[in-house]
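Notes to accompany the following structure.
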Amino acid sequence: MGLVEELYLLAQKAQEAAQPVQLIEGTVRSVSPLVIRLASNSKLDIPGDLFTVPRRLRQSGDDPLNVGDNIMTVSLTGGQSFYVLDKI
């Protein structure tokens, strides 16, 4: 690996460390099973097992998610796991 590639990788890692989370809007596409489409990729539906959903937004909670709800999510570093913050 050349010097340019190594510098690029170091810069990329530094940027990821500076931004450990990212806020992303999404839309609930299905509730059983949970499927959410993130605004950052309008063609990709994300399965619910990649999301942590607060108890109050679950089907047995006080304000459950419904199809069509707009939500705010937090993408954790790496973008492979998400946390649902709230409805918006």
Check your understanding: Heavy-atom count around Q59 CD within 6.0 Å, excluding the residue itself: above 12?
Key -> yes
Check your understanding: Do R56 and D63 have side-chain heavy atoms sitting under 4.5 Å apart?
Key -> no
Point to revise | ILVMFWY network linking V67 to V35, side-chain heavy atoms under 4.5 angstrom | key: no
**Study point:** S75 to I24 - nearest heavy-atom pair and separation
**Key:** CB-CD1, 3.7 Å
Review point. Could you state the interatomic distance from CG (N70) to CG (D86), rounded to the nearest 0.5 Å?
Key: 12.0 Å
Exercise for review: Determine the minimum heavy-atom distance between D69 and N66, stating which atoms define it.
Suggested key: OD2-N, 2.7 Å
Exercise for review: Could you grab the distance from atom CZ of R37 to atom CG of L44, nearest 0.5 Å is fine?
Suggested key: 8.0 Å
Review point. Has D62 got more than 12 heavy atoms of other residues, nucleotides or ligands less than 6.0 Å from its CG?
Key: no
Check your understanding: Which atom names give the shortest non-hydrogen contact between I88 and M72, and what distance separates them?
Key -> CG2-CB, 4.0 Å
**Study point:** Residue pair F82 / L38, side-chain heavy-atom distance below 4.5 Å
**Key:** yes
Check your understanding: CD1/I71 to OG1/T27 distance, rounded to the nearest 0.5 angstrom?
Key -> 7.5 Å
Review point. Hey, does L23 have a side-chain heavy atom less than 4.5 Å from the side chain of V74?
Key: yes
